[in-house]
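Below: the structure, in C-alpha cells.
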Amino acid sequence: MGAWERPFCGGLRAADVGRRVELVGWVRRRRNLGGIVFVDLRDREGWAQVLLRDALREAGEKLSQEDVIRVIGTVAARSADTVNSDMPTGEIEVIAEEVELLTAAETPPFVVEDRVNASEELRLRYRYLDLRRPEMMATLVLRDQITFAIREYFHGMGFIEVETPILTRSTPEGARDFLVPARLAPGSFYALPQSPQLFKQLLQVAGLGRYVQIARCFRDEALRAERQLEFTQVDIEASFVEEEDIYALIEGLFAKVFPIVGITPPAAFPRLSWADAMERFGSDKPDMRFGMELVELGEVARGCAFEVLRAAAATGRVKGLVVPGGTAFSRKQLDELSEFAKPFGVPGVLWFRKTADGYGSPAKKALGDEGIAAFLAAAGAGDGDLLVVVGGVPKVVFAALGALRVELGGRLGLVRQGSHAFLWVTDFPLFEWDDETHRYYSVNHPFTAPKAQDVANLESDPGAVRARAYDVVMDGVELGGGSIRIHDSVLQQRAFAVLGIDEAQAKHRFGFLLDAFRYGAPPHGGLALGLDRLVMLMAGRDSIRDVIAFPKTTSGNCLLTDAPNTVDDAQLEELRLRVDVSRSAPNGS
RNA sequence: GGGGUCGUAGUUCAGUUGGUUAGAACGCCGGCCUGUCACGCCGGAGGUCGCGAGUUCGAGUCUCGUCGACCCCGCCA
C-alpha cells in the first residue's frame, strides 16, 4: 500500500469495516489484559483501537507509549457491547495480522494527552510532543484551514500575493527594530520588518492594485499573552479604494472564515467613532458583548462638596460605572477595585451605594447622604447598583474604567456564552501629543491620511485632526487596523512637518517612498489583520502561544532551540562586531 | 524599566509554628489477568526541595541575591 493511499487511524469509520489496511502511528496507550492486548494507535487525525491476539500478543506486550509502529490488519465492527461512543472511531477496531516496531520511544517527559496538564515550560521544551496532543494538532489544522480560506477569498477578489523583503531598512518611528548586521557593509545593519507597510504602498504605486500577503512581522518589544516577537499579519492594500471598500472587503472575508468554527458574523458590522468608544466604553477596542457603559459625572462632580472630585472635574474628567448588583460587594472586594485600577495611573476608585443600612461611600463625610444620592441619581443607578467613580486626566480615567468594565463584566458573567460582537472603530485621532518629548506622534503611522474636513486644521490644531483610520474589533480584541493613505506628496510634507520631520529628515528616512509618490501614486489604503489573534479567537484559546507551532516565552526565549544564544568570536569578527554586556541597557525593556 | 504569582519524584501537586526516615496521584519497572478503552489487581524503584549565600543547635519552610516560567503596568506608529 502506497503512503498516500494509507488511511489515517483517526479517520477510520464503520464504512471501512472489512477493509484490509496498513496503519502507521504512535502508541497512545496499551491495555494488556493478559490474553489479548489493545493498542490505541494515534496519528494526526485521531486514534483507533488495534487488537493484538494469539501470535501477536507477545509483540503487543512489549510496546510502550509513543513507540512508532506499523500495523497490517482488517477493520472490524465492534460488538454492540464494546462500542465506545465517546470516540469517533469507537464503532470499529483493527484486528492486527502483522505488527512492526519502526522506532522505540523513550518514556516521554509528560504523557501525550489533552487532559494531562504539563506546565507550559515543559510543553515548550518538548514542543514536538506537545504538538502531538490532539488539541494542539487540531489547532494547527484549524490554522491551515483559516489561512487557506483567506488566500482563497482574496484570490477570488482579484488580489495578488506578493512577498516583501525580510531584510530591509530600519525605520525610526514605531517599535524597536530587530537589527541584522550587514557583513558586506561593515557597520551597517538591515532591520527585520515591523510590517510590510512601505512595500505594500510601493506595490500600489507600481500598479498592482490589489495586494495581499500572509506576512511575518518582527517587533523587539515586551511580550504578552497576546504578543510575540515575531507574528503573522494578513497584510492588505488596494488602490482606488475608500473606507467603505475596506469595510466591505473585511466583512466579506469574515463571512467566509468564521463559519469554519461555527460563528456567523453580521453582514455589516456596527461602527463607533474613536471618541464615542472612549466615552462610552473607555477603550478603543470595546467589548460590545455586554452593556455597562461608562456614565458622565463631570457636572455633579463640579458642584459637589468633595474637594478631590471637584478638582478632578475642573482639570480633567470624572466618569463612572454602574455595577448591577454591586451593592453586595464586600469591603475587601471594594478595596480590590482600587488595587485593580491603580496600575492604570489613578490613585484609586471611589464608590457609592445605597443599602438597607443607608447611603455608603468613602466620601460620605464630605458629601453626606444627599451628596451620595446626587451621584447615584446622576449615574442612573438603581436599587442594588454600585456606582464606581474615577476622576483625573482623561486618558487615565478612560483606561482605568475601561479595564474595570471588562474585568467586572467578566466577573459578573455579563457575556453570554457563544455570543460575539464585531465592530469598526473609526475616526481615530491622527496625532497624539507627548508631554515628555513635547511633540506630536502619529497614532497610526505617518502615511495615514487626515479626514478631508480636518485637513485645514493640520497646522492650527493637530490634536483635533481625525484620521482616515479604522480598526476591526471582535469581543474586545483588536483584530486589525488600517487606513487610507496619503498619496499626495505636498500633504505628506505637511504631515511630516507636524511630526517635526523636516524635508531633509523626510528625504533621509522615507526618501524612496516620497520619490515614488512623485511618479504617479494612486489613491490607496489597506489594513492588516493579526492572524495569530484571529486564530486564537477562533480556536477559543486565550494565549497566542497556543496557536503558534513554535512560540517564544514572555522573555523572548525559545526553550526548544535555546535561542537566542551566543555566537563564536569568529562570527563576530567577520561582522566587525564587539560585544559589551558589562553595562546595562540605557533604556527600554 | 516596574509590580505580582510560581519553582518539591519523570509529571501534576501536598508538605503544619523552623524539628524523627519529605508524601499522594499519574507515569515508569516486575508479576497476574481474553473485551478493555483514564482497564483492573499485587509488588517495586524513583528526590541536588531551581541555584548561591545568610540566620539558626537545626531550613523544603525564614532573609537576601540569582536563574527560569507565567500574568499585569509602562512599551508595542
Side-chain angles (χ1 to χ4, degrees), chain A residues 28-40 47-54 57 60-61 64-66 78-87 89-90 93 106-126 129 171-177 194-195 197 217-229 231 339-346 396 399-400 403 407 428-432 434 436 440-448 467 469 478 481 483 499 528 530 542-543 545 552-557 559 562 584-589:
Chain A
R28 170 182 175 264
R29 199 183 286 280
R30 186 198 58 178
R31 290 176 294 281
N32 182 1
L33 276 68
I36 56 172
V37 176
F38 294 105
V39 167
D40 289 342
W47 69 83
Q49 173 167 285
V50 176
L51 173 59
L52 305 166
R53 60 186 177 198
D54 306 326
R57 189 173 58 91
E61 280 178 349
S64 57
Q65 279 187 71
E66 306 308 322
R78 296 201 200 178
S79 64
D81 57 322
T82 60
V83 164
N84 185 344
S85 54
D86 293 335
M87 49 190 279
T89 61
E93 64 190 348
E106 285 182 23
T107 302
F110 56 91
V111 181
V112 181
E113 279 287 294
D114 281 345
R115 66 169 166 283
V116 172
N117 51 339
S119 70
E120 192 173 9
E121 194 172 348
L122 197 69
R123 288 169 49 207
L124 290 176
R125 181 151 298 146
Y126 299 94
L129 292 179
T171 50
E173 305 235 346
R176 196 176 291 112
D177 281 322
Q194 296 175 23
S195 80
Q197 183 61 38
C217 306
F218 306 85
R219 293 177 191 175
D220 189 5
E221 295 290 345
L223 290 88
R224 288 289 166 76
E226 79 295 352
R227 251 194 258 158
Q228 283 274 303
L229 298 178
F231 58 99
E339 291 310 310
F340 180 87
K342 275 178 186 170
F344 296 94
V346 297
V396 167
E407 171 69 15
F428 280 78
L430 188 60
F431 304 113
E432 190 182 22
D434 182 68
E436 276 179 36
Y440 283 101
Y441 284 87
S442 296
V443 169
N444 194 236
H445 56 63
F447 318 109
T448 301
E478 180 196 328
S483 64
L499 295 169
D542 43 33
S543 168
R545 294 186 297 274
K552 289 170 183 62
T553 68
T554 45
S555 43
N557 295 320
L559 298 179
D562 205 26
S584 58
N587 56 22
S589 59

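- In this structure, A/Asp177 contributes its side chain and A/Thr171 its backbone to a donor-acceptor pair below 3.5 Å.
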Intermediate values then yes/no, side chain to side chain contact (heavy atoms under 4.5 Å, CB included), A/Asp40 and A/Arg31
CA-CA 9 Å; A/Asp40 289 342; A/Arg31 290 176 294 281; 3.0 Å; yes
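- At least one donor-acceptor pair under 3.5 Å links the side chain of A/Gln228 to the backbone N or O of A/Lys552.
- The shortest distance between the side-chain N/O atoms of A/Gln65 and the OP1/OP2 oxygens of B/rC28 is below 4.0 Å.
- The side chain of A/Asn32 sits closest to B/rC33 out of B/rG68, B/rC72, B/rC33.
- Nucleic acid contact class of A/Ser195 (heavy atoms, under 4.0 Å, all strands): base.
- Residue A/Thr107 is in sugar-phosphate contact alone, with no base atom involved, counting any heavy-atom pair closer than 4.0 Å across all strands shown.
- Note on A/Lys342 versus A/Glu339: salt bridge recorded, some NZ/NE/NH1/NH2 to OD/OE distance being below 4.0 Å.
- Distance check on atom C1': B/rC29 versus B/rG10 gives 13 Å, rounded to whole Å.
- Donor-acceptor pairing under 3.5 Å, judged by distance alone, is present between the side chain of A/Arg224 and the base of B/rG74.
- When each of B/rC76, B/rC71, B/rU36 is scored by its nearest atom to the side-chain atoms of A/Ala175, the top-ranked nucleotide is B/rC76.
- Under a 4.0 Å N-O distance rule, the pair A/Glu113/A/Arg28 qualifies as a salt bridge.
- One C1' atom belongs to B/rC13, the other to B/rG3, and the distance between them is 27 Å to the nearest Å.
- Among the protein residues, A/Arg53 comes within range of the nucleic acid bases, having at least one heavy atom under 4.0 Å from a base atom.
- When the P atom is used for both B/rC62 and B/rG19, the distance is 11 Å, rounded to whole Å.
- For B/rU17, there is no paired base (Watson-Crick or G-U wobble, both distances below 3.5 Å).
- Shown here, B/rA38 forms no base pair; nothing in the strands shown gives a Watson-Crick or G-U wobble contact with both key distances under 3.5 Å.
- Backbone-only contact: A/Asn557 has heavy atoms under 4.0 Å from sugar-phosphate atoms and none from a base.
- In this structure, the side chain of A/Arg545 does not engage the main chain of A/Thr553 through any donor-acceptor pair within 3.5 Å.
- For A/Glu339 and B/rC73, the CD to P distance is 15 Å, given to the nearest whole Å.
- A/Arg219 places a side-chain N or O within 3.5 Å of a backbone atom of A/Gln194 that can act as its donor or acceptor partner.
- Taking atom P on both nucleotides, B/rG46 is separated from B/rG23 by 13 Å, rounded to a whole Å.
- Atom CZ of A/Arg115 and atom C1' of B/rG27 are 13 Å apart (whole Å).
- Rounded to a whole Å, the CG atom of A/Asp542 is 14 Å from the P atom of B/rC70.
- Of the possible donor and acceptor atoms, none in the side chain of A/Glu66 sits under 3.5 Å from a partner among the backbone N and O of A/Pro108.
- Distance check on atom P: B/rC26 versus B/rA38 gives 14 Å, rounded to whole Å.
- Nearest to the side chain of A/Glu121, among B/rA69, B/rU36, B/rG27, sits B/rA69.
- Between A/Arg125 and A/Ala399, the one whose closest nucleotide on RNA chain B sits nearer the 5' end is A/Arg125.
- At the heavy-atom level, A/Arg30 lies nowhere under 4.0 Å from the strands shown.
- Nucleic acid contact for A/Glu93: base, since at least one base atom lies under 4.0 Å from a heavy atom of the residue.
- Of the candidates B/rC73, B/rC28, B/rU12, B/rC73 carries the atom nearest the A/Pro343 side chain, counting heavy atoms from C-beta on.
- Pairing for B/rC62 goes to B/rG54, judged as Watson-Crick or G-U wobble with the two contacts each under 3.5 Å.
- Remark: P of B/rU36 and CZ of A/Arg57 are 18 Å apart, rounded to the nearest angstrom.
- A/Thr554 comes within contact range of at least one nucleobase, with a heavy-atom separation under 4.0 Å.
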Side chain to side chain contact (heavy atoms under 4.5 Å, CB included), that's the test. Do A/Phe38 and A/Glu93 meet it? Break it down for me.
CA-CA 9 Å; A/Phe38 294 105; A/Glu93 64 190 348; 4.0 Å; yes
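- The distance between atom CZ of A/Arg123 and atom C1' of B/rG7, rounded to the nearest whole Å, is 18 Å.
- As rounded to the nearest Å, B/rU61 and B/rU20 have P atoms that lie 14 Å from one another.
- Atom-to-atom, CG of A/Asp177 to C1' of B/rC76 comes out at 12 Å; the value is rounded to the nearest Å.
- Nucleic acid contact class of A/Tyr441 (heavy atoms, under 4.0 Å, all strands): none.
- With both pairing distances under 3.5 Å, B/rC49 is matched to nothing as a Watson-Crick or G-U wobble pair.
- At a threshold of 4.0 angstrom between heavy atoms, the contacts of A/Asn117 are confined to the sugar-phosphate backbone, with no base atom among them.
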Kindly indicate, with the supporting measurements, whether the criterion side chain to side chain contact (heavy atoms under 4.5 Å, CB included) is fulfilled by A/Gln65 and A/Val111.
CA-CA 8 Å; A/Gln65 279 187 71; A/Val111 181; 3.8 Å; yes
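- At a cut-off of 3.5 angstrom, counting only N and O atoms as typed in the model, there is no donor on one side facing an acceptor on the other between the side-chain of A/Arg31 and the base of B/rU34.
- A donor-acceptor contact under 3.5 Å is formed by the side chain of A/Arg78 with the base of B/rC37.
- OP1 and OP2 of B/rA69 both lie 4.0 Å or more from every side-chain N or O belonging to A/Ser119.
- Within the 4.0 angstrom heavy-atom criterion, no nucleotide atom of any strand lies near A/Leu223.
- The partner of B/rA24 is B/rU12, by the rule that a Watson-Crick or G-U pair needs both atom distances under 3.5 Å.
- With C1' as the reference atom, B/rG60 and B/rG18 are 11 Å apart, rounded to whole Å.
- No contact: A/Ser64 has no heavy atom under 4.0 Å from any strand.
- Counting only heavy atoms from C-beta on, A/Asp40 has its side chain closest to B/rC37 among B/rG35, B/rC37, B/rC71.
- Between the P atoms of B/rU21 and B/rC49, the separation comes to 15 Å (whole Å).
- The side chain of A/Ile36 approaches B/rU34 more closely than any other nucleotide in the set B/rC75, B/rA69, B/rU34.
- Atom OH of A/Tyr126 and atom P of B/rU12 are 11 Å apart (whole Å).
- Residues A/Arg227 and A/Glu120 both approach RNA chain B. Their nearest nucleotides, taken by heavy-atom distance, put A/Glu120 toward the 5′ side.
- Following rounding to the nearest Å, A/Phe110 (CZ) and B/rU12 (C1') show an atom-to-atom distance of 13 Å.
- Across every strand in view, B/rU5 sits in a pair with B/rA69 that passes the Watson-Crick or G-U test at under 3.5 angstrom.
- Across all strands shown, A/Glu113 has no heavy atoms under 4.0 Å from either base or sugar-phosphate atoms.
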